[in-house]
Amino acid sequence: MTAYTLGSLLYEGKAKRVYATDQNDLVAVEYKDDATAFNALKKAQLAGKGELNCQISARLFELLERDGIPTHYRALQEPNWMLVRPIRIVPVEVVIRNIAFGSLCKQMPIEPGTPLDPPLLDLYYKDDAYGDPLLTDARLERLGLLTPEQRQELERLAGAVNTSLLRFFAGIGLQLVDFKIELGFSSDGALVVADEISPDTCRLWDLQVSDASDRILDKDRFRQDLGGVVEAYGEVLKRVQGACPQPRSGR
Ligand code: TMP
Ligand code: ASP
């Protein structure tokens, strides 16, 4: 990859900063150590989290690309920086649930741990000011964010991501309970998987551990004050690295 110069800060979210570069087709993403939950009501600094999520995300984006799923990812840069293609994010969070947990069980009479087959796909409107509400078909249509064809493509891609990640994580002894992805339009108008894929955005349970708390290797450790958050993310990276040792480097 050719050298680039870092430009201005384009956007700062809760867990990442996005910077322009002097190349039109490249933006740089810095993964932060900030941890938030419950729409940022709960906040902490977790040293090393940004690097762990960046290293895990880079490898998972490469896995998806190998499985034929387009992503915004270009290359890993510094330990907590990656280069990506500039995209226009669709303000919709796509959640796929393989096992009932989290908000689903607070909102519906479904027992935590119930297998969901076929997996459940939920769309949420991505806007912190409104608390990322669950979307209905009618609300999505009213907002005019996606044409019916684009929505179909978004759901097809999310399903393909689930198939790819489920198989990959099972191979490294992890149950993919559920996850959230974001997608965006690249300059040629194609929908691609964007944002990040990490223990901040996936529920991952250690298949070798039966204890309901000890098996949690994701952000629920932070949400539920279980401790050992960075250690759990480190365990996820260790296993992901075992299967995908060296992501491509932009350096
Ligand atoms: P939920 O059960 O809280 O709705 O979460 C479902 C999945 O989405 C879970 O893997 C965590 C992830 N998620 C995010 O990545 N960001 C969010 O803001 C929320 C609420 C959930
Ligand atoms: N990402 C969200 C927040 O920071 C919620 C969550 O992941 O639980 O508020």
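Counting convention: from 1, in listed order, for ligands and their atoms alike.
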- Message: Just verifying a value: how many Å separate Tyr233 OH and Asn53 CG, rounded to the nearest 0.5 Å?
- Response: 5.5 Å
- Closest approach of any protein heavy atom to atom 4 (O) of ligand 2, naming residue and atom: Thr36 OG1, 2.2 Å
- Message: Using a 4.0 Å cutoff against the non-hydrogen atoms of Phe179, which atoms of ligand 1 qualify?
- Response: 10 (O)
- Which atoms from ligand 1 have a heavy atom of Thr201 less than 4.0 Å away? 10 (O), 12 (C), 15 (O)
- Message: If the threshold is 4.0 Å, N to carboxylate O, is there a salt bridge linking Asp220 and Arg203?
- Response: yes
- Item | Flag if over 12 foreign heavy atoms under 6.0 Å of CD, Glu12 | yes
- Query: Quick one: nearest non-hydrogen protein atom to atom 14 (C) of ligand 1, plus distance?
  - Reply: Lys180 CE, 3.6 Å
- Task: Distance to 0.1 Å, residue and atom name: give those for the protein heavy atom nearest to atom 7 (C) of ligand 1.
- Result: Asp178 OD1, 3.6 Å
- Message: Rounded to the nearest 0.5 Å, what separates atom CG in Asp122 from atom NZ in Lys180?
- Response: 14.0 Å
- Give a yes or no on whether a salt bridge exists between Glu153 and Arg156, defined as a side-chain N under 4.0 angstrom from a carboxylate O. yes
- Message: Closer than 4.0 Å to some heavy atom of Cys202 - which atoms of ligand 1 meet that?
- Response: 10 (O)
- Heavy atom of the protein closest to atom 8 (O) of ligand 2 (residue, atom name, distance): Arg223 NE, 2.7 Å
- Query: So with a 6.0 Å cut-off around NZ of Lys238, is the heavy-atom count from everything else above 12?
  - Reply: no
- Among protein heavy atoms, which lies nearest atom 17 (C) of ligand 1, and at what distance? Glu93 OE1, 4.2 Å
- Check Asp200 against ligand 1 and report side chain, backbone, both or neither, counting heavy atoms closer than 4.0 Å. backbone
- Item | Taking atom 5 (C) of ligand 2 as the reference point, the nearest protein heavy atom with its distance | Phe38 N, 3.7 Å
- Item | More than 12 heavy atoms from other groups under 6.0 Å of CD on Gln224 | yes
- Query: Is Lys32 reaching over with its side chain to a backbone N or O of Gln45, donor-acceptor style, under 3.5 angstrom?
  - Reply: no
- Residue selection (non-hydrogen contact nearest atom 1 (P) of ligand 1) among Ser103, Ser198, Ala40: Ser103
- Message: Any nitrogen or oxygen of Arg97 lying under 3.5 Å from a nitrogen or oxygen in ligand 1? Just yes or no.
- Response: yes
- Query: Can you tell me the protein heavy atom closest to atom 5 (O) of ligand 1 and the distance?
  - Reply: Arg203 NH1, 3.5 Å
- Query: Lys219 heavy atoms, cut-off 4.0 Å: which ligand 2 atoms fall inside?
  - Reply: 1 (N), 6 (C), 7 (O)
- Message: Among all the protein's non-hydrogen atoms, which is closest to atom 2 (C) of ligand 2, and how far away is it?
- Response: Lys14 CE, 4.0 Å
- Query: Side-chain donor-acceptor pair under 3.5 Å between Thr36 and Arg223, yes or no?
  - Reply: no
- When you check the side-chain N and O atoms of Glu196 and Tyr31, is any donor under 3.5 Å from an acceptor? no
- Message: Need the ligand 2 atom indices (1-based, order shown) with element for anything under 4.0 Å from a heavy-atom of Ala40.
- Response: 3 (C), 4 (O), 9 (O)
- Top protein contact for atom 9 (O) of ligand 2, by heavy-atom distance: Asn39 N, 2.6 Å
- Task: Identify, for atom 21 (C) of ligand 1, the protein heavy atom at the shortest distance, and state residue, atom and that distance.
- Result: Arg223 NH2, 4.2 Å
- Task: Before signing off on this row, confirm whether Asp200 and ligand 2 have an N or O atom pair separated by under 3.5 Å.
- Result: no
- Item | Side-chain H-bond candidate by donor/acceptor type, Asn39 with Asp132, under 3.5 Å | no
- Query: If you measure from NZ on Lys49 to OG on Ser198, what distance do you get to the nearest 0.5 Å?
  - Reply: 6.5 Å
- Item | Within 6.0 angstrom of Asn24 CG, more than 12 heavy atoms from elsewhere | no
- Task: Run the numbers for me: atoms of ligand 1, each under 4.0 Å from some heavy atom of Gly102, listed by number.
- Result: 2 (O)
- Task: Heavy-atom contacts with Val95 under 4.0 Å: which atoms of ligand 1 show up? List them by number with element.
- Result: 6 (C), 8 (O)
